[in-house]
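Structure first, commentary second.
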Amino acid sequence: MTVVKTSLRNFLAHKGRMALSAVAVLLSVAFVSGTLVFTDTMNTTFDKLFAATSSDVTVSPKGAAAADEMPSQTGKPESLPASVVGRVEKSEGVKSAEGAVSSMSVTVVDADNKNVGASSGAPTIAGNWTRNDLKSMEITSGHAPRGPTEVMVDADTADKHDLKLGDELRTIVVTGDLKAKIVGIATFKVTNPGAAVVYFDTATAQRGLLGGTGLFTQINVVADQGVSDAQLKADLAGSLGGTYKLQTQKETADAGRDSVGSFLDVMKYAMLGFAGIAFLVGIFLIVNTFSMLVAQRTREIGLMRAIGSSRKQVNRSVLLEAVLLGIVGSVAGVAAGVGLAVGLMELMSSMGMELSTQDLTVKWTTPAIGLALGVIVTVLAAYIPARRAGKISPMAALRDAGTPADGRAGRIRGAIGLVLTGGGVAALLVSTGAEKASEGSLYLGLGVVFTLIGFVVIGPLLAGFFVKVLSAVVLRVFGPVGRMAERNALRNPRRTGATGAALMIGLALVACLSVVGSSMVASATDELDKTVGADFIVQSNTGQPIVPQAQEALEKAPDIKHVTEYKLIDAVLTTPDGKTAKDEVVAADPTYAQDLRRETVGGELSAAYGKNAMSVGDVFAKEHDVSVGDELTVAFKGGESAKLKVAAITSDDVSVDKGAKYMSIDTAAEYLTPTRMPKNIIMFAAADDGKEKEAYAALKDSMAAYPQYKVQDQTDFKQDLKDQIGQLLNIVYGLLGLAIIVAVLGVVNTLALSVVERTREIGLLRAIGLSRRQLRRMIRLESVVIALFGALLGLGLGMGWGTAAQQLLALEGLEVLEIPWPTIIGVFVASAFVGLFAALVPAFRAGRMNVLNAIATD
């Protein structure tokens, strides 16, 4: 009980000094808790939506796309005959059955030709209005569509795009454009995560979305009273046989949940990974805090030992303080995490994904995990300082505060650090020489881990050298104040090393990702310059196929030498050795050989576009012992099987179309009916000689009516690639910002405690003539050199990681190494400003000290 009272008293006595450590715990726990609450809330939202939109049993075609699959590249979803509705209605246990039409291969534009679909990546869905829709929606304005010129839209889409009754919408589908006026607005009864939904009458939906009446994409079946969904499914299976896919409401909801859940899991674990990095950085802050507190209480602990306290009691006292710190920080962090989740929901809503706070889900596991993580991490971080406190002898009561460094321990630490760093560097070098990326990735991971740990362990040794170098460049110009700042930074290398290491981790990851991202852009740009011969590329952002009317407009554009079609076809390939492989084959015009220059290792690529011919990649050829002249059996999905001769083998030492298998569209058309032939997923065009500018403008004009497609020249395409990678990196940098914030708190805390530790010294300096301004400058310069030390280690380590990663990715075609020097230099300079910012409060407090009181401090 005495230990508990002592710990509580010490904790309250030093609560100000522990505040920043508590904030670090709070931020890390808040990120974990916020991530869990946010993803649980999204799961709840989708669960309610899927449950509300699913009928008791759903009947759909066998080949219908799963919830997590891309829509059919034919532009039309799989369908079943309307006559099946009558068969279902006659089945035992059926109360009612209704045919439904639904397609996501649509684009809806308003009168100004602006896309009114979701901007968040959620789909645009077109279909017919059914009784089943009344479970999840209600008409709040106007009425349901009654003819081909009428359409109903969901209220969220109407609000976002300022649509009202009477406005005209144009729905672009493969069968043509459907023009209709809005006659109704329907509001979701459950949260709509962002999809845009339009409804037509049944006949219009069938003709426009499926190409003819008498077809449905699914049948919604309602069970008789007392009949379970499972029983109804069994009865329908008996009457329909195995021709169609049958799913109960739970199975349909589970399938939807699984498709969304896979995306949410990736997002959740990625965010938790960044939270883990923040926790790792926070460990350094907590270690430093408790180490300095123990050092400052050396005499106090010595007196406790002198009056009878045992080592275990002192050890437990410090660990109990850590427990209290962990509890306070974790409880506040869990509460902040809920607020963070609400903030993320608001952010997603502003981006187009609607999430309601009514669905806010806080499971009991969330605070339990947050509290456990916060306390465990804090106690682990405080363990070494607690052991050090337990070793303080009663004789320490007779000495000044502070404990002398253990020289032997420092030498052992340095040796271990050098071994770890050397092992890590060796692993990184081995990864760069790997023959396969899968083999090298293991060594890369080991190299990253060992070099990181090695740099952390060896940090105090590195501090002595690098701080002197940085001081010679940065601090010496400030005269005696600069030299004092240098000596303060070198006074306790272990503390400086730990403080710099916290900043090092975040900046190492930033540097590594910057190198990899820049190298990816440079490699892709270099390969585009070497291989892409087409002047223009036309495609959709969302992967939608190019509708025939858009293709026709494209082909009619003036000043165009040729237009190349490019289709992806699902097929099963059987090799001469009897093995089968499910794959995609590319059906393209022969001009694609000019639009994408591919090196061949056997045969001629032009011959692959001949009748009943194809090409394969050299990796596929090696795996299946395929040579030029061999025949492959290709079973086209939805079509016939064909025996095709391998006329060329292409090199897979590329990143564009890696592993692609080519054939002509004419060959594919022999084995696929026109209704089963996929639409173009992308198209290429070449301008007449000297007419590039005119052709570019003409293509833009011809495609203006179809805003879902982008017309890009090679410059546009490269910039788009750069922007996409840049956006991804910015998101990662934003998430790493949490770790950097915690590292900055560590610098602030180290300086603040250092000021307290040096109170008497500061008083003496002031007494002999050091001005307040000079004192504040000294502390700021000390902070700057510590921050630059951490930045130098982090950026150097990160560039090493990034270079090794690029060498490994070179096996996948990313052969150009590019160091983003502007980013690296910018981060290094920004670190100096981080150091200045971190020193503001400690320097201000030091400057306000009363000189006499400071001198009188023990």
Side-chain angles (χ1 to χ4, degrees), residues 61 63-79 101-109 115 117-118 121-127 170-178 196 198 205 207-212 215 217 534 536-557 563-571 583-589 592 595-596 636-639 657 660 662-666 668-669 671-685 699 702-712 717:
D68 58 345
E69 293 179 348
M70 286 289 292
S72 169
Q73 293 301 336
T74 64
K76 300 175 188 175
E78 298 289 338
S79 58
V101 177
S102 179
S103 174
M104 292 191 290
S105 298
V106 301
T107 302
V108 182
V109 299
N115 194 332
T124 299
I125 304 171
R170 179 167 62 99
T171 304
I172 304 170
V173 293
V174 294
T175 59
D177 294 353
L178 301 175
V198 293
R207 284 194 300 271
L209 304 178
L210 304 180
L215 297 171
T217 56
F536 311 108
I537 301 165
V538 182
Q539 62 182 330
S540 165
N541 274 333
T542 58
Q544 283 193 18
I546 298 174
V547 295
Q549 57 270 37
Q551 178 178 336
E552 184 179 353
L554 180 68
E555 291 171 340
K556 288 181 178 178
V563 174
T564 301
E565 297 186 50
Y566 183 101
K567 306 173 187 290
L568 288 177
I569 305 174
D570 290 327
D583 207 342
E584 286 182 329
V585 293
V586 174
D589 289 324
Y592 188 58
D595 295 328
L596 184 71
F636 294 96
K637 182 180 178 181
D657 264 7
Y662 302 113
M663 67 177 62
S664 71
I665 292 176
D666 290 341
Y671 304 98
L672 286 165
T673 62
T675 57
R676 303 299 302 182
M677 175 69 78
K679 305 302 178 194
N680 293 302
I681 192 67
I682 188 172
M683 294 185 72
F684 302 87
L699 283 175
S702 68
M703 299 299 287
Y706 306 97
Q708 70 269 43
Y709 305 120
K710 293 187 300 184
V711 176
Q712 297 176 306
F717 192 80

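Quick note: numbers below take in every heavy atom, side chains included, and nothing from hydrogens, waters or symmetry partners.
Checking D589 against T564 by side-chain atom types alone, no donor-acceptor pair falls below 3.5 Å. At a cut-off of 3.5 Å, with distance as the only test, a side-chain donor of Q544 or T107 sits close to an acceptor on the other residue. Between the side chains of Y662 and D657, at least one donor-acceptor pair of N or O atoms lies under 3.5 Å.
Taking 4.5 Å as the limit, some side-chain heavy atom of L554 sits within range of a side-chain heavy atom of V563. Between P545 and N680 there is no side-chain heavy-atom pair separated by less than 4.5 Å. Q551 places none of its side-chain heavy atoms less than 4.5 Å from the side chain of K679. Using a 4.5 Å cut-off on side-chain heavy atoms (C-beta onward), Q539 and M683 make no contact. Side-chain contact between K76 and S105 is absent, with no heavy atoms from C-beta onward closer than 4.5 Å.
In this structure, the side-chain hydrogen bond (donor to acceptor under 3.5 Å, both in side chains) partners of S540, at least two apart in sequence or on a different chain, are T542. E584 is linked by a side-chain hydrogen bond (donor to acceptor under 3.5 Å, both in side chains) to nothing, counting only residues two or more places apart in sequence or in another chain. Residues that satisfy the side-chain contact (heavy atoms from CB on, under 4.5 Å) test with T124, not counting sequence neighbours, are V106, V108, A196. Checked against salt bridge (Lys or Arg N to Asp or Glu O under 4.0 Å), R170 has the following partners two or more places apart in sequence or in another chain: D177. Qualifying side-chain hydrogen bond (donor to acceptor under 3.5 Å, both in side chains) partners for S102, counting only residues two or more places apart in sequence or in other chains: none. Residues that satisfy the side-chain contact (heavy atoms from CB on, under 4.5 Å) test with I569, not counting sequence neighbours, are V585, A587, F636, A668, L672, M677, P678. The side-chain contact (heavy atoms from CB on, under 4.5 Å) check on T675 picks up T673, with sequence neighbours excluded. Checked against side-chain contact (heavy atoms from CB on, under 4.5 Å), L215 has the following partners two or more places apart in sequence or in another chain: S79, L210. Every residue was checked against the ring pair (Phe, Tyr, Trp, His ring centres under 6.0 Å) condition with Y706, not counting sequence neighbours, and none meets it. Looking at residues two or more places apart in sequence or on another chain, you find a side-chain hydrogen bond (donor to acceptor under 3.5 Å, both in side chains) between K556 and E552. Applying the ring pair (Phe, Tyr, Trp, His ring centres under 6.0 Å) test to Y709 and every residue at least two apart in sequence or in another chain returns nothing.
Residue T175 holds its OG1 atom at 7.0 Å from CG of L209, rounded to the nearest 0.5 Å. In this structure, CE in M703 is found 12.5 Å from NZ in K710, a value given to the nearest 0.5 Å. To the nearest 0.5 angstrom, L699 atom CG is 12.0 Å from I537 atom CD1. Interatomic distance, I172 CD1 to Q708 CD, rounded to the nearest 0.5 Å: 4.5 Å. Atom NZ of K567 sits about 13.0 Å away from atom CD1 of I682, to the nearest 0.5 Å.
Residues K637 and E78 are not paired through a salt bridge, judged by the lack of any N-O separation under 4.0 Å between the basic side chain and the carboxylate.
Listed by first then second residue, pairs satisfying salt bridge (charged side-chain N to carboxylate O under 4.0 Å, His left out) with a partner in residues 539-548 number zero, not counting sequence neighbours.
With ring centers used as reference points, F684 lies 6.0 Å or more from F536.
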Side chain to side chain contact (heavy atoms under 4.5 Å, CB included) for V173 and V547? Distances and angles first, verdict last.
CA-CA 7 Å; V173 293; V547 295; 5.9 Å; no

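Residue T217 comes nearest to P77 through the heavy atom pair CG2-CG, 3.6 Å, listed as atom of the first residue, atom of the second, then distance.
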